[in-house]
Amino acid sequence: MTQKITIEPVTRIEGHAKVTIHMLEDGSVGRAYMHVNEFRGFEKFCEGRLYFEMPQITPRICGICPVSHHLAAAKASDALTGQTPPRPASLLRELMHMGQIVQSHGMHFFELAGPDLLLGFDAAPEIRNVVGLIGANPDLTVKAVQLRKFGQNVIKILGGRRIHPVFAVPGGVNKALTQAERDSIREGIDAAIETTQVGLQIMKDWAAKNAEDIDKFAVFPTGYFGLTTADNALELYDGNIRLISREGAELERFPVGDYLEYIQEHVEPWSYLKFPFYKKMGYPDGVYRVGPLGRLNLAEKIGTPLANEELKIFKSLNNGKPVENTLYYHYARLIEILFAIERIRVLCEDPDILSTDILNTRKDYKGHGVGVIEAPRGTLIHDYTADEDGKLTKVNLIVSTGHNNWAMSNAVDSVAKTYVNGPDVHEGMLNRVEAAIRAYDPCLSCSTHAVGQMPIQLDIVAPDGSWVKTLKRD
Amino acid sequence: MTKPKIASDWICGCAGCHMSLLDMDERILKIVELADLRSTPITDLKEPDEAGVDVGVLEGGINNSANEEVAHKMRKRAKILVALGDCAVFGGVPAMRNLCGVEAALKRAYVEAESNEPGSQIPDDPELATMTQARAIHEVVPVDFNVPGCPPDADTIFYVLSELAQGRKPEIKDEYLHWH
Ligand code: SF4
């Protein structure tokens, strides 16, 4: 008979997911699945709303990266009404976005994934969390809290609140930055860089000690997908989309509005989260990864000095070829925090950042618009069509975590096969399976905008489908 | 004296209320000093202790069968149940789905969306939860404290949790009802 292990919910990820591991008769793993178990239906219930409400409605898809939806909605609305924002408005939006990259990535590294790295995959579940970190390293925990606070404050200064800010509007933003506000942002930069460098050192030391784990933990080839600058530097706010092959060769480069020509979404009956892929290669050959690892594989350089130096070291991990290791997502995330903080400095020093020319009110109404941004977790696409009164008739959303759905499912399967053998499973093994998902920092609220939330559960099922064992942590 | 136990979970929300909880910044250390944080989305215990917790906090409303189970379990095991944020208190943005209905929403997402592979169907594996009407928590189980806001301010959350952890009854009014 076959067995099934269920892990539910998967913890220290955003949202709910459940994992089922189906075992074969000989006790080895047949196949493991990651089920995303929630659906909310934003695409449908936004029909009939006015396009300019979207920057306030869609952030409620995800409270961890609300700024991504806020800005992608504003960008789609800019395109829909033909209101190109003035340069200072784009700089201010990007500034807010960088604040979000710092807070979201910072929280993920230190508060969600950090406990695995700092306390160990096999540490007792009671302490393997941020409270355990407070006990083990109070100074570092306080610094991590302050790093997140630095990012959240940038958002609050611009948008009035830390979560679900009110700032970007079609054609620009609703508030200029004052000199005093700019200076208060600047004050926190050095400390934030310092904490990030401590994080990078932790990551490097951990990687040196755990090289073997890193190399057998969900390492597999895929394409990589995301925004990039014209000269292939790291870009998070704007630009064209670039897709590279598993070897690193450029397959496509296209304006964001053309996305439907290049990608499609596959639906599996066992998950509410869809599986995007590169149309020309089909599913699953055309799967690709997004987010920090994907972006650093796409980028040939980074436009700020400290992060660029770190990128060179990162590139040497696989001799200039794309880095395939799932666990290096954590490493890539830290390099991106460094970039975001340096970019905050550059933006604060820009002569246009204090300008009050922040809104273009002249419309050239098109009735259709696509807005794309690199959210912390990857490429986020908002696509709106509206009638002549501005009422939405069609909404399509492809969220960051979705693009990584195949990769997460594959990582779960691969880690289960590597670490789980027979129904005599211990908790640390299951935590590794969850860590495979955690590395992608999935935003299951985002991904299930259509549906809802993503529970993760681990069932061990025998080959005939009969239940063997459900593992729970408490 | 043992510290009061707090457990929390998020159901049909956006995680924003838990992020607002983290937005209390350094004061999180104070909460950890006052109370024992048990199962939460940011810790590794999977569900509230069978022996019970003193305070249970739920973010998000209820829009499927799995959410219902979480709410019932939390209610059963928590002496005091707090509904945190507009989704939990009123249903919030996800309750907009009630206007178009579950079927239409599923069809749009899995069958009609422009980016779908032709022939795609609504997922229906038995492992998946069944979608229902979206509801506030109090429509499913009794709630002791409703804390509105989308999300409620970090100051409000700190006040509510620290009062409850010290055995006092929080009065959610005036500045603690401030949000926009
Ligand atoms: S109340 Fe607002 S912040 Fe809280 S879960 Fe609901 S949408 Fe998110």
Side-chain angles (χ1 to χ4, degrees), chain A residues 8-9 11-12 14-15 18 20 35 37-41 43-45 47 57 60-64 66 107 111-112 125-126 128-131 134 142 145 148-149 152 160-164 166 260 263-272 283 383 396 398 445 450-453 455 472-474, chain B residues 10-20 22-23 25-26 28-29 32 37 39-47 49-50 60 63-64 66-67 92-94 96-97 99-100 102 104-110 113-117 120-125 127-129 131 150-151 154 179-180:
Chain A
E8 179 174 25
T11 44
R12 287 184 283 126
E14 196 289 305
K18 122 177 164 182
T20 56
H35 307 277
N37 199 15
E38 174 75 60
F39 168 83
R40 285 175 295 172
E43 283 146 326
K44 188 69 189 173
F45 68 61
E47 284 176 10
I57 296 176
R60 270 74 185 180
I61 290 172
C62 175
I64 295 190
M107 180 193 66
E111 275 135 310
L112 299 184
E126 280 81 6
R128 197 179 55 213
N129 59 47
V130 68
V131 181
I134 296 173
V142 170
V145 165
R148 178 172 180 277
K149 182 173 169 184
Q152 286 289 68
R161 31 189 347 222
R162 287 175 165 204
I163 296 163
H164 305 328
V166 183
L260 285 174
I263 60 171
Q264 219 165 35
E265 295 182 284
H266 174 80
V267 180
E268 291 280 4
W270 43 268
S271 182
Y272 281 122
Y283 181 84
D383 180 352
N396 194 30
I398 301 184
S445 294
V451 198
Q453 122 218 41
K472 282 201 177 158
R473 288 235 173 99
D474 50 342
Chain B
W10 48 36
I11 34 184
C12 189
C14 77
C17 289
H18 272 80
M19 291 305 109
S20 195
L22 287 181
D23 278 340
D25 299 327
E26 293 90 341
I28 191 83
L29 301 178
V32 170
L37 285 188
S39 63
T40 74
I42 55 164
T43 54
D44 269 5
L45 298 175
K46 300 293 190 194
E47 51 178 44
D49 303 55
E50 248 179 286
N63 87 341
N64 68 32
N67 294 165
V93 168
M96 284 167 73
R97 191 177 75 191
L99 302 173
C100 64
V102 174
L106 286 167
K107 198 161 154 236
R108 166 69 196 153
Y110 300 103
E114 294 67 37
S115 44
N116 288 350
E117 238 177 347
S120 297
Q121 296 294 320
I122 297 170
D124 60 354
D125 192 275
E127 295 286 357
L128 298 177
M131 296 301 144
C150 181
W179 73 92
H180 31 217

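What's counted below: heavy atoms across the whole structure, side chains too, no hydrogens, waters or symmetry copies. Residue numbers begin at 1 in each chain, while the letters A, B, ... track the order of the sequences. Here the structure is a predicted model, which is why all the values come from computation and not from measurement.
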Closest approach of [X] to [Y] (non-hydrogen atoms, all atoms of both residues):
X        : Y        : answer
A/Val267 : B/Glu117 : N-OE1, 4.4 Å
A/Ser271 : B/Leu128 : N-CD1, 3.8 Å
B/Cys14  : A/His164 : SG-NE2, 3.5 Å
B/Pro94  : A/Phe45  : O-CE2, 4.1 Å
A/Pro269 : B/Pro123 : O-CB, 3.4 Å

Quick check for you: to the nearest 0.5 Å, what is the distance between [X] atom [atom1] and [Y] atom [atom2]?
X        : Y        : atom1 : atom2 : result
B/His18  : A/Ile64  : NE2   : CD1   : 10.0 Å
B/Cys150 : A/Arg60  : SG    : CZ    : 3.5 Å
A/Glu43  : B/Glu114 : CD    : CD    : 8.5 Å
A/Tyr272 : B/Asn64  : OH    : CG    : 7.5 Å
B/Leu99  : A/Glu47  : CG    : CD    : 12.0 Å

Query - Heavy-atom pair count under 4.5 Å with chain A, highest-scoring of B/Asp125, B/Asp25, B/Val32, B/Ile28 - result: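 With the most close heavy-atom pairs to chain A, the winner is B/Asp25.
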Report summary line: In terms of heavy-atom pairs under 4.5 Å with chain A, the winner among B/Gly16, B/Cys17, B/Ala154 is B/Gly16
Requested in this report: For side chain to side chain contact (heavy atoms under 4.5 Å, CB included), just list the numbers for A/Ile263 and B/Ser115, CA-CA rounded to whole Å, side-chain angles, deciding distance to a tenth of an Å, and then say yes or no.
Outcome: CA-CA 7 Å; A/Ile263 60 171; B/Ser115 44; 6.0 Å; no
Query raised in the report: Relative to chain B, which segment of A/His266 carries a heavy atom at a distance below 4.5 Å: side chain, backbone, both, or neither?
Result: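 Both parts, backbone and side chain.
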Query raised in the report: What part of A/Leu260 lies closer than 4.5 angstrom to a heavy atom of chain B: side chain, backbone, both or neither?
Result: side chain
Side chains of [X] and [Y]: does their closest heavy-atom pair fall under 4.5 Å?
X        : Y        : answer
A/Arg162 : B/Met19  : no
B/Arg108 : A/Asn396 : yes
A/Val142 : B/Leu29  : yes

Query raised in the report: Would A/Arg148 and B/Asp23 pass as an ion pair if we require N to O under 4.0 Å?
Result: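 So A/Arg148 pairs with B/Asp23 through a salt bridge.
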Query - B/Gln121 portion near chain A, given a 4.5 angstrom heavy-atom threshold - result: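 It is the backbone, since no side chain atom gets that close.
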**Report entry** Per-residue contact mode, B/Ile122 against chain A (heavy atom under 4.5 angstrom)
**Finding:** neither
Query - Residue among A/Lys44, A/Gln152, A/Met107 with most heavy-atom pairs under 4.5 Å to chain B - result: A/Lys44
